[in-house]
There are 2 protein chains.
Amino acid sequence: MSELTTNRLSVYLRCLNALEDAGVRTISSQALAEQFHLNAAQIRKDLAYFGEFGVRGVGYYVRDLEAPPAADSRPRSQAARRRSWAPATSGLALADYPGFRQEGFEISALFDNAAARRSASSRAAACRSTTSTTSKKIARRDGISIAVIAVPAPSAQHVVNLVVAAGIKAVLNFSPGTLQVPPDVKLKSVDLTVSLESLSFFLAQGDGEDR
Amino acid sequence: MSELTTNRLSVYLRCLNALEDAGVRTISSQALAEQFHLNAAQIRKDLAYFGEFGVRGVGYYVRDLEAPPAADSRPRSQAARRRSWAPATSGLALADYPGFRQEGFEISALFDNAAARRSASSRAAACRSTTSTTSKKIARRDGISIAVIAVPAPSAQHVVNLVVAAGIKAVLNFSPGTLQVPPDVKLKSVDLTVSLESLSFFLAQGDGEDR
DNA sequence: TTTTGTGAACTAGTTCACAGCT
DNA sequence: AGCTGTGAACTAGTTCACAAAA
């Protein structure tokens, strides 16, 4: 199952949860496709990874997501498991992003080497300095399994080395530039600058076109 | 030229700028490929969009990026143009992300409806309340062309409508959920929750595997 | 009849492999 | 020799189109 597929599934599942809260009982692949500007066949193929849990002529029963028939990879058990992984973040800016907690991720530790930023308050967690001994201890104690890196580029590699040494196997990185990790560690980088540049590029093309 | 390609180019160009500052004169596609864990042919194909500015037997002259031979789409002119688009952001958390300013993007206006957050300080800009009249005026005056949305999901669509009404044609969205924009507006969404879930998913698979 | 599930067709993206410069 | 630029081969991802189920 490709990463593109799992990303889309995350989006569908969140939407389906919202629909259930709104009292909607069934939804068709066509309706979902319009919502997400995707092809209906794409949605059906994606959802089919969970087994055949659509109903022909009707659509998908929204509540099947909560107690689905299939075995191991069913969405709810995924969601339940996910809740048990608390991420740790370095860098203050992202700690209070409301989406994390809403979706069941809780920031359970926070590290930053700049004392000035450390003293600034965060609703999520107290902020500690990054030293290998303390971070390792905290990662163990709190069952942290994902690290979120949000420090300036020059110190990012150092911080990654630290969390890897603490036994973390998954890293979400917001700092620009390349990071090296061992092959058993999953690194996912989100480069905000690249996102902005991609929009700039779109604007540049649009301005240049004759219409 | 696909968006995947432009995104990779952003990354290469930043790296090449860093290399120039470090005094490196030439670099081969092979060396870049190792840096970014990509295929060398991929890098060559990507850079070839700027015309043939590699040198066979040598590699790429790093400074050719600063004053390249080709016409309109040369990297530097792109970069120069990009600097003239100041983004506006809504939601405090991201305004002080250091990467934006470093790469020539300057947050020039900041809106948030929660008075509590508005009174909290930001290095980037004073924070104003979101009302259609003020935002339109400010967007015009400061030549803002990109909006960054970082407000909770329920108010996101409202804020997008506002910036679209103010004439913004490119939106970078960090709020979860779907947003509707008119076809002439480019919307790019970065869903941090999906990124985290994708890592969770990786961990779930890794734990389940027998080795 | 409506809508799923899915093989087949198609499209986009990547890698190979080698001719052609320097 | 070394390394780019690129057509050809390959791989991944998407959409079509239709049989089968409710």
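Every chain is numbered from 1, with letters handed out A, B, ... down the list of sequences. This structure is a prediction, so every number in the text was calculated from the model and none was measured.
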> Choosing from C/dT4, D/dT4, C/dT6, which nucleotide comes nearest the side chain of B/Ser28?
Replying inline: D/dT4
With side chains defined as the heavy atoms from C-beta onward, is the minimum distance between [X] and [Y] less than 4.5 Å?
{"X": "B/Leu32", "Y": "B/Cys15", "value": "yes"}
{"X": "B/Ile146", "Y": "A/Ser200", "value": "yes"}
{"X": "A/Phe36", "Y": "A/Arg8", "value": "no"}

Can you tell me the distance, in whole Å, between the [atom1] atom of [X] and the [atom2] atom of [N]?
{"X": "B/Leu32", "N": "D/dT4", "atom1": "CG", "atom2": "C1'", "result": "13 Å"}
{"X": "A/Arg8", "N": "D/dA12", "atom1": "CZ", "atom2": "P", "result": "15 Å"}
{"X": "A/Ile43", "N": "D/dT14", "atom1": "CD1", "atom2": "P", "result": "11 Å"}
{"X": "B/Gln30", "N": "D/dG5", "atom1": "CD", "atom2": "P", "result": "15 Å"}
{"X": "A/Asn7", "N": "D/dA12", "atom1": "CG", "atom2": "P", "result": "17 Å"}
{"X": "A/Asp46", "N": "D/dA12", "atom1": "CG", "atom2": "P", "result": "17 Å"}
{"X": "A/Glu52", "N": "D/dA21", "atom1": "CD", "atom2": "P", "result": "9 Å"}
{"X": "A/Tyr49", "N": "D/dT14", "atom1": "OH", "atom2": "P", "result": "10 Å"}

>> Considering every strand and a 4.0 Å limit on heavy-atom distances, what is the contact class for B/Ser2: base, sugar-phosphate, or nothing?
In response: sugar-phosphate
>> What contact category does A/Ser29 fall into here, base, sugar-phosphate, or nothing, at under 4.0 angstrom with non-hydrogen atoms?
In response: sugar-phosphate
Between side-chain atoms of residues 55-62 of chain B and protein atoms elsewhere (two or more places apart, or another chain), which donor-acceptor pairs fall under 3.5 Å?
none

>> Do B/Asn161 and B/Gln157 pair up side chain to side chain, a donor and an acceptor below 3.5 Å, judged on atom types alone?
In response: yes
>> Rounded to the nearest 0.5 Å, what separates atom CG in A/Leu9 from atom CD in A/Glu3?
In response: 12.0 Å
> How close do B/Ala170 and B/Val185 get, heavy atom to heavy atom, and via which atoms?
Replying inline: N-CG1, 4.4 Å
>> Can you tell me if B/Tyr60 touches the phosphate of D/dG5, counting only side-chain N or O atoms and a distance under 4.0 Å to OP1 or OP2?
In response: yes
> Can you give one letter per nucleotide of nucleotides 15-22 of chain C, going 5' to 3': B for a protein heavy atom under 4.0 Å from the base, S for sugar-phosphate only, - for none?
Replying inline: BBB--BBS
